[in-house]
Amino acid sequence: MNTIVLRTASNYLLPLLLLFSIFILLRGHNLPGGGFIGGLIAAIAFVLHAFANGLNRTKKLIKVHPGFIMPFGLAVSFLSALVPLLSNAPFMTGIWASDPIPVIGHIGSTLFFDLGIYITVLGVTLTIIFTISEAA
Amino acid sequence: MLGAILTGVIFALVLVFFGRFLKRRLAILFAAVPLGLFLYFSQYIKPIANGDIITQSVSWLPSFGINLDFTLDGLSLMFSLLITGIGFLVFLYASEYLKGHQYLDRFYGYLGLFMAAMLGVVLSDNVVTLFLFWEITSISSFFLIGFNNNDKASRKSAITALSLTGFGGVLFLGFSLILGSIAGTYSITEMLNAKELIVQSDYYIPIIILLFGAAFTKSAQFPFHFWLPGAMRAPTPVSTYLHSATMVKAGVYLLMRFTPVLGGPDSWHYTLLAVGGVTMVYAAVQIVSKTDLKAILAYSTISALGVMIFLTGLGTNKAILAASVFILVHALYKATLFLITGIIDHKTHTRDIRKLSGLRKVMLPIAIIGLLAALSNGGVPPTFGFLGKDLIYEAALESERWNWLLTGASVFTNILLFYGGFQVGVKPFIGDLPAKYEKITMPKPQLWIPPAILALLSIVIGIFPLLIQDSLVVPTLNALHVLEDELHLKLWHGFNLVLGLSMLTILIGLLIYFKMQPSDKRTALFTKYEPLSPKAVILKGGFYFKKFSFKWTNFFQNGYLRNYINTILLFLVFLLGFLLISHIQLKMNFDAMTDITFPELATLIILIISVLFAVITQSRLAAVAALGIVGLSISLIFLFYSAPDLAMTQFSIDTLTMILFVLVLYRLPKYLNLTNPRNRIKDVIIATTFGTLIALLALEVWQVTNNNEVSRFYAEHAYTLAKGKNVVNVILVDFRGIDTLMESVVLTVAAIGVFSLLKLRLHQKD
Amino acid sequence: MELILAIVVGLLYASGIYMMLRRSLVKLIIGLILLGNGANLLIFLLGGITKGSPAIIAPDQQMLTEIYADPIPQALILTAIVISFGLQAFAIVLIKRAYIVAKTDDLYQMNSTDVYS
Amino acid sequence: MIDIIIGFLATIGVMFIFLAAVGFIRMPDTYLRMCVTTKASTLGSGLILLSAAVFFGENGVISRVIAIILFLFLTVPVGAHLIARVSYFIGVQLWKGTIMDELKGKYDKQSHELHSERELKK
Amino acid sequence: MNDIILFPIINQLFFAIVTLFLWRYSRWQKAISVVGNLIGFVIAIVFLLTVWDEGILTYNAGNWAAPLGITFVGDMLAATLILLTSICGMAVSMYSAGSMDRDRLSFGYYPIFHFLLLGLNGAFLTGDVFNLYVWFEMIIISSFVMITLGGEKRQLEGAIKYFTLNVFASVIFLTAIAVLYGLTGSLNMADLSLKVAQIENKGLVEITGLLFLIGFGIKAAVFPMYFWLPASYHTPPAAISAIFGGLLTKLGVYALVRTFTLIFFDIEFLNTVILVLGGLTLFSGALGALIQNNITKMFSYLIICHIGYMIIGLGLHTELAIAGVVFYLVHDIIVKSNVFMISGLIYKLKGTYSMRDLGGMYAKHPLLSLIMAISFFSLVGIPPLSGFWPKIAFISESLKTKGGGWLIAAILFGTFMTLYIIARMWAQVFWKARPEVKIRESFLYFKDHRLLHKIEMIVPIVGLTIITLMIGFGAEKVQQLALVVSDQLINKQHYINAVLGK
Amino acid sequence: MTLNFYLTYILLPILIISVILIFIRFLKGPSIADRVIAIDLMVTCSIGIIAFVSIISHQPTFLDITMIIALIGFLSIVAFSYYLEKRNKND
Amino acid sequence: MKSSIFLNNVLLMLMWVILTGDSTFANFTFGFLLSFVILRIITVNREDTKYFRLVPRVIAFILFFIYELVLANLQAAYFVIVSHKNLKPGIVGVPLDAKSDIEITFLTNLVSLTPGTLSIDVSNDRKVLYVYSMHIKDRDQFVKNIKNGFEKRILNITR
Ligand code: NA
Ligand code: NA
């Protein structure tokens, strides 16, 4: 859409929302939120940007085809589920660092799992909406 | 014995792979296989005549109770010798008959497979293995009938034959398994001990119906006989081997084999008598309308098979004796007749008896062979045929009931059989030789020696019946548990009624042969009644069945999605309603329900109205917008009941869906075509019923209190064990993390789907 | 509340089905979405709804102590919602592609694969 | 005291929203409806959020509420602008009492470009 | 050794992700996919042998003991089906490499294919009913994408019906899970088995069972719920039809077998319903197949017809009958996949699926015809080919049921009709001289394929044919396996003990 | 009169009534823009409702939902405008 | 250029701290790093922009805005509750002095946020802002109000 207002707003919203999405991702384990909703918000940030600036600009911003984000995310989740196998624990077992670190809190494999979900959902939503808007 | 069968199978397999190289020159050597097997079985003649029974058991499928049990007793031996002996002659004959044929290797392959399967049928002591071989005979017959597969009629005949024998096969399957279950064993020998149990079981009638169905279709009994004339499309060696000498007798074999197990009750005897009787008379009458050599032979074969079934049905010792002997008699003369028909066909390229005459002038030896076969066929002394016919008359006369009727029928049949035999074996050779046949020369020895051997056997055994009496006939009777005290097969019994009937048969036969030349008028008369024939009736039935199939299939699969949904739904609503009404006490426990507050009520009302609005509105966009409100209301409900994660996700997803909808909608047309009002009312009724049932079910289930020990565990240990305070999220990423991982896979796949649906354009059509 | 919620669930199922029986592809998908929502609410209802606190452990606690909303149905619904989103996205695009290719969104005109040929 | 502040903020907020709702129902055309609703609802929700911030009085809550309010103030007018603009495109009619329309004829039907010339005295 | 349970899942997920990374490089994908399926096959064999030796294995994902987390259960049924899936996967993977067009391959065919196999493996292994739902969804979304891949008109028209009815089935399934959770508060199937047995209101149990029956019945293409199948299965390329025809409907059968042996056992009313439906499925499928001219459509109806046998077997619910179901599954998965690949090959050779326009196969390709014949006649169940053996169980067990006569009649009817249909097809397609048909433009005929592609198409067909022969002639081994499987199913206590560790 | 009572039984109902009024406008339309605005308004109002619920039930976490709701509500407005504009362009 | 990124970065870091509600040193650092990464990802030749230097002007502006807001709301309330019959709505083109994206956006948003007015669009050459108002007594006065009110104050801050 050719409007300065939206363009400007979206340019400011983009980093803000990305930040927000990571916030939502990190707090998911203790409060409402998590990888799914976080990824969705990140995607919405880019989608807003795309609505305002046109798809091509946003694609340039993302640098890779959103389709490639999906296997990346899946790989992250998958690996984080596989890691416990190394220490002879079953698939998907939560592995935790012994001490919590500041800001993020307990670091564990489930966090990476959620991160994978985040990335996947980001890729999925972008792929779907971009494809549809391109064809629309 | 397994070796014998495997030899045939291996022979067929070898041909599949190497046949191409062998078929040119060495086809004659293929005959060594049946010959070898014939010699193999011959060595058992003596032991079995001495009362031995050769058995072999190879463990195969113990967990099914199915083993490769083989028994070689008199009956099996007789059939085995027939199969391999005639097989040898046919293999020999075919090497010349189909010389240079493009697919000769396949032909021998099928033939070899058939021979193996047929041996399996007669040797098996296990009823399921018997069925197995039985089916293979049908299949190889299918391939052989359709051998000239560029000919549409051949293909059709093959399918008809397979349909009927396959139908019989299916009945046999039912028969063997039910019988096996009732008897508690699949072994036929062991079933003899369970005879009482079987005959008195509730399943006796179904069992024999299935058995009869199997036997009658295979042995071409009325009204299933019509596949056999059609099967004459097969090359003549096939007709000789399968459709006269061996396969068609499998039904008779089966009935004889099971007589000791199942025979006895009236239902058994009278059915066989009736079907056999009708078949023999009906087919015999048909002979007079036929002008094609093979058609005549086909009907006379059917008739002869009828005679065998008839005799089996009579079931007296005499009758069984007659049947056993007649099987041999028939095999010998009918095979001869077929083989010389083949020679005639080969040389003159016609089988129309009206066009054939005087061939003795160019092929005298063949004419003599034909005459001998016709004589045996007509029961003229001193041929083997005479012996056989005498036994039939004797058996018929001794019948306890209706003996005159039965004898009359036998005589009548034999007269017409006599006629048919002379039409084939004599007529083409007498009279004047048409000019166009003058160049005909004698065929190669491979073609005439086999029929010559068979014809000679008919005479030799006729004169010296003792050749087979103790070696084959008595063991056969023993195998069938028929104890003929003093059996003396002989030509001359003195002047008695039987002899009189024989002479009468021959006289009238000759009379008809000379007086009743084939005429178009008679053929036309039969054609007129063709629509009433079993063939026409059954084919018509098939036609209507197909029509019904169309109706049935198109009724359900009519292309309209709404009908599919409706059908499933009706089915569901019917059963669900039935169960709900019959089992559920509709008592509500209102006290246990939580109170409703104004915001909740308002949210629910907005939800309800927006759902209705989405349903009713004619604007697609408005409907989609209403969906957005539905999503919003639902997420508020989730929130009211303390499910923030849910509220969040529900809202995001519904909005996203709405957005996708909106992005996609804009090129679509308006709702142009509406369902008609009657359908709409119907839909409202069914949808409401379904919704009501679900609501009732929900209330009913809600009242059942469950014990959520798992959720209690989560509540207590989410933090201590999984280090997360948002229990819902802990479930998602830890307790039930697999669900979530796979859910993200689902999303990925959906995204790929969206991408490919919109972006993929095929460059190459398929 | 449960009574009305059950009625709402029934309504969602009924209207979902009704929409699926219409001729327009768009309505069909709307119907499926309504059905999906109905099923989710049903899980929610049958999982035992409570007006307790959310299933979130308080900062100073080690476990849920107050009356809490059963987290399992919530997790199930979350998964189900997300999955149906995937299906819905696909379905919506399916409409579009079908419209591009078949030039109609009328289901009555999409019979070719069932017809005898 | 705190309760009074909370009650006051919430009351004003609700009043704003109620006003918006009534206006939304009563106003005669789409533009007028937009005019009365956008800010009233934003303001209303903002005030209610503020009251919640006061109620909880925790740092975390307050900072989040401020973020939400900022966010609302950033997005709601943009949304209003978008929908107003598009309403004009799709030809949503102005109320019969409208006294002037300086936008008339300035949109390029094809490209949706908006021109400033004509009639503009600088 | 319990880790082996998860290997089929991990393997497929790994290769799905790898091929997804390479989704524009179709040649790499082909090679990787074939290798992946080969590994999957090895895993499946090791898995089966392990379960055979050690009995039912369980695996608690996330180290949460049942019924707390999601437990995977490797019993013989699962191991058998995983082996079959891996065999079909291997065959179809290779067949796709040869037959699938470039466009489809570069739009995610292989990733989706692996996701589909992943879903199947997961569904067979899971011991959790909601997790089963998730696997089901993964399978159906993958199948939706596969069936629409290419986006041709007929594909889409079929897909819409396929989509709608399958999603409807999922909703019913989800409804059933809701009810089940409401009744018991549990999702673990072993736990459910115990808890459902304790429910006092048997009516509610019946209703829940009914919902499962409908939900899975739609997916298994049981009468009167099969309509999506004939509408859609013939529309995608043959490789896709092969995996669908071979595995997808059988998944529905698997789910029915699992739930109706483990959770809803001994419900007389439902068993009767199942028996009646089985008979009608046989009948309807046979009638539908009888009137088809398009060979793939005919095989689609035959799928329905043959599902009927398994449904009857399930309804009979004796150890022998369930063994029959398992045997039939083994046979049907291999043969149906092969039959669709064969149809695809015929299509590649002749450019049409219409029996009217086909012909001359036998004269031109005798050896190939013979190989095809083996599969066709196995389908019929000509002894000793594979389709025959399980019928022994179905018929003899039917005798023990009230109204068994009707069942036997239905079974025999189905057998006969299949025989007739195949024989007629044989005459038309193989015997008949080929009618004059125009050479199609812009169609890649078999002869124009590269040699490698030709080999890739023929090898899987030959391979599956050999396996078919092995099933037929090695029926004893298969039956022993089936008996072990059915013993584990009928004596569900083994399963429950293994899962709940009692 | 406690704060809780005041919020629960006076303010919240008024808020709800406002939502109902907006919903009525949604039903009436007439233009699609009205409906879109109605949805947006309802979304904004639900932010208020959630804030109330979080006060009444002492659950500050509920406030986080409002953020997401605001965010996504904005996206839907943008999408609707995008759609309407495009549709108009293509007609 | 560099300074603009730096400022953006600091702004985002603060945002992060506000969002997390955790003002420890570690959180500041983390927020900084995170914002750095995000900006790094998204920055593609964006024009340099100015940042507010004058805190007092901002505060004055906020107060002014609130005053406007309340006033306009009261006016709107009057029309909503009493009657809309004597409204004089219309669309007016307001010539713009504001030039940059941020200025224009700020202005349009503020106009929209004020009850009774609504920005419809900005012309493509950025010269005119079209404003819908529910009650125009005098067109020129209306334009002047906007230019002297919001626009002037915004420009004060941004320039
Ligand atoms: Na989460
Ligand atoms: Na989730």
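Below, chains carry the letters A, B, ... as their sequence lines are ordered, and counting in each starts from 1. In what follows, every heavy atom counts, from backbone to side chain, and hydrogens, waters and symmetry copies are set aside. It should be emphasised that the depicted structure is a prediction, and the values quoted were computed from it without experimental measurement.
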Report which part of [X] has an atom under 4.5 Å of a heavy atom belonging to chain F: side chain, backbone, both, or neither.
X         : result
Leu632(B) : side chain
Ile609(B) : both
Ser610(B) : both

Atom [atom1] in [X], atom [atom2] in [Y]: separation rounded to 0.5 Å?
X         : Y         : atom1 : atom2 : result
Leu639(B) : Gln59(F)  : CG    : CD    : 9.5 Å
Tyr82(F)  : Leu663(B) : OH    : CG    : 7.0 Å
Phe62(F)  : Ser642(B) : CZ    : OG    : 5.0 Å

Under 4.5 Å from any heavy atom of chain B - which part of Leu12(F)
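For Leu12(F), side-chain heavy atoms alone lie under 4.5 Å from chain B.
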So what's closer than 4.5 Å to chain B heavy atoms on Phe23(F): side chain, backbone, both or neither?
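When you check distances to chain B, only side chain atoms of Phe23(F) fall under 4.5 Å.
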Should [X] and [Y] count as side-chain neighbours, where that means a heavy-atom distance under 4.5 Å?
X         : Y         : value
Ile49(F)  : Pro599(B) : no
Ser652(B) : Ile68(F)  : yes
Tyr83(F)  : Leu621(B) : yes
Thr655(B) : Leu75(F)  : no
Ile606(B) : Met42(F)  : yes
Val43(F)  : Phe651(B) : yes

Who among Thr61(F), Asp64(F), Ile50(F), Val36(F) has the most heavy-atom pairs with chain B under 4.5 Å?
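Greatest number of close heavy-atom pairs with chain B: Ile50(F).
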As an exercise: rank Ile69(F), Ile39(F), Val78(F) by heavy-atom pairs under 4.5 Å with chain B and give me the winner.
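When all of Ile69(F), Ile39(F), Val78(F) are compared, Ile69(F) has the most.
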Taking all atoms of both residues into account, what is the closest heavy-atom pair of Ile32(F) and Ala622(B), and its distance?
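For Ile32(F) versus Ala622(B), the nearest heavy atoms are CD1-N, 4.2 Å.
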Could you report the tightest heavy-atom contact between Ile16(F) and Ala602(B), atom names first, then the distance?
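Looking at all heavy atoms of both residues, the shortest contact is CG2-CB, 3.2 Å.
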Are the aromatic ring centres of Phe598(B) and Tyr9(F) under 6.0 angstrom apart?
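No: the rings miss the under 6.0 Å criterion.
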Is it true that, when you exclude Arg678(B) itself, more than 12 heavy atoms of the residues, nucleotides or ligands shown sit nearer than 6.0 Å to its CZ?
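Result for CZ/Arg678(B): open.
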Based on non-hydrogen pairs under 4.5 Å, which of Val624(B), Ile605(B), Ile659(B), Leu636(B) is most in contact with chain F?
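Top option by heavy-atom pairs under 4.5 Å: Ile659(B).
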Of the listed residues (Ala647(B), Ala626(B), Gly628(B)), which shares the most heavy-atom pairs with chain F below a 4.5 Å separation?
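So the answer, after comparing Ala647(B), Ala626(B), Gly628(B), is Ala626(B).
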